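Notes to accompany the following structure.
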Amino acid sequence: VKPVFDPHNIEPELLQEISYDALVWCSLHGLVVGDRNSQRSGKVPGVGMVHAPVSLLPMSFPSSHWKQACEVAPIFNELVDRVSLDGKFLQESLSRTKKVDAFTSRLLDIHSKMLEMNKKEDIRLGLHRSDYMLDEQTKLLLQIELNTISSSFPGLSCLVSELHRMLLHQFREQLSLDPQRIPKNDAVNGFAEALAKAWSEYNNPRAVIMVVVQPEERNMYDQHWLSTVLKERHHVRTIRKTLAEINAGGELLPDGKLLVAGEAVAVIYFRAGYTPTDYPSELEWRARLLMEQSSAIKCPSISYHLAGTKKIQQELAKPNVLERFLDNKDDVAKVRRCFAGLWSLDDSKIIKDAIERPELYVMKPQREGGGNNIYDDDVKENLLRLQQSGNEEEAAYILMQRIFPAVSPAVLLRDGITYKDQSVSELGVYGAYLRNKTNVIINDHCGYLMRTKVSSSNEGGVAAGFAVLDSIYLV
Ligand code: GSH
């Protein structure tokens, strides 16, 4: 996509003025995160806050691809649900990963226990985010990954769209950009509504929604935005607990109800538990198992969590696999169109090519949260090392076609400082899904997360410190 205008051409005085107003707006409207430089900022709300890293102005994005990403979201929701019901498919697809990846192995153990118990989840809630990059050469919108656990920024992303709309309005004479071209971002309301509806399906007016959090969380304001909407609009109370606290204060009643610190829990919303460091001891794993055994609605359940792994993404991309889970041929085609090339490391033809042309591939371990992928010469080195070692460690990785999005000039704001740089962007579209037995209560896309990063950096996460929050300007 060619930028509609080049933000690098904005006169220095004007740039200063826009940046200043943006920083004020962020501070006044809660577009904030905990400051890394402040020790207590991840523990105590209101202490050590800093504006979220943002792009100063929205990034242009083609309407057609935006529409495509929204349209396919409900199909991905359905797909996750269908895959989650096929316990055998999950166990078999991940069986080699299990041998070499201790974290995935623990998740699979919990999943096996649930299969043995014949545990049924009648009410299923998915709050997903499917991330895409637009490949410049082919003009294809290609999926990077599908997050089924702890999808970040439903709260702050809405605010970025508002910030940008405000700036375009305020500086319309100077910028000549139309604020209406930034699509409305309703992620926080969509997620809160889905959580609230799940809560009412559980049908215990005294029960709470429990947000599972990390002991230190600098993205707490994004989470608090959801809790605030739940409280103010839906009159549903949330509590925040770490895995360690859930282990210490959790209790499973004989009928399956979960109590934590004496409170009945209707819905468990995970904003922790997606990465091995969230489980420093057996206690955290005990908490995860306890929750899974309960009748509380888990967002995600262990099956939804596993359905979002990269190995499953790669399995679904194999010929004739989607057809097992989606009944409608058009749906299959729409989903397949978003798939980039995906391979396991037992495909010798691809391995050979990836060693010769490593810049065309990304090697991905089974990890969430950003900052774990392998690029360029490291792909080659790692593949050669794995070939020589001859053990099964290769099963811990998948290979993905490298996507080359267009590079555009951007102005990024971080710690109150304005940076001009060349950038690439990744669009995430949120999806909400709620069903009770055969009744699908919600299946929709809801809002988006645009992230922009310096084009020389390979990694992409905002939480991991690589990217900034952005919005889209439809062209
Ligand atoms: N614990 C943090 C939170 O709850 O916001 C971070 C969770 C996290 O890293 N989530 C990943 C994500 O959406 C998915 S597993 N990352 C987006 C980003 O950081 O840019």
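What you see is a predicted model; the values in this text were computed from it and never measured. In each ligand, atom 1 is the first atom listed, and ligand 1 is the first ligand listed. Keep in mind that the numbers below use all heavy atoms, side chains included, and drop hydrogens, waters and symmetry copies.
Using a 4.5 Å heavy-atom cutoff, the side chains of Asn458 and Phe466 are not in contact. A heavy-atom distance below 4.5 Å is found between the side chains of Met363 and Leu386. At a threshold of 4.5 Å between non-hydrogen side-chain atoms, the residues Arg233 and Asn189 count as touching.
Remark: ligand 1 atoms within the under-4.0 Å shell around heavy atoms of Glu217 are 1 (N), 2 (C), 3 (C), 4 (O). Residue contact check: Phe153 has heavy atoms under 4.0 Å from atoms 18 (C), 19 (O), 20 (O) of ligand 1.
Side-chain contact of Tyr132 with Ser130: a donor-acceptor pair under 3.5 Å is present, judged by distance alone. Side-chain atoms of Glu145 and Gln313 include no donor-acceptor pair closer than 3.5 Å.
At under 3.5 Å, a nitrogen or oxygen of Val462, whether backbone or side chain, sits near a nitrogen or oxygen of ligand 1. Considering backbone and side-chain atoms together, Ser150 places an N or O closer than 3.5 Å to an N or O of ligand 1.
Protein heavy atom closest to atom 14 (C) of ligand 1, with residue, atom name and distance, is Asn147 OD1, 3.4 Å. Considering only non-hydrogen protein atoms, atom 15 (S) of ligand 1 sits nearest to Ile149 O, 3.5 Å. Counting protein heavy atoms only, atom 19 (O) of ligand 1 is closest to Ala463 N, 2.8 Å.
Residue contacts with ligand 1 for Glu368 involve side-chain atoms from C-beta outward but no N, CA, C or O (heavy atoms, distance under 4.0 Å). Under 4.0 Å from ligand 1, not a single heavy atom of Leu449 appears.
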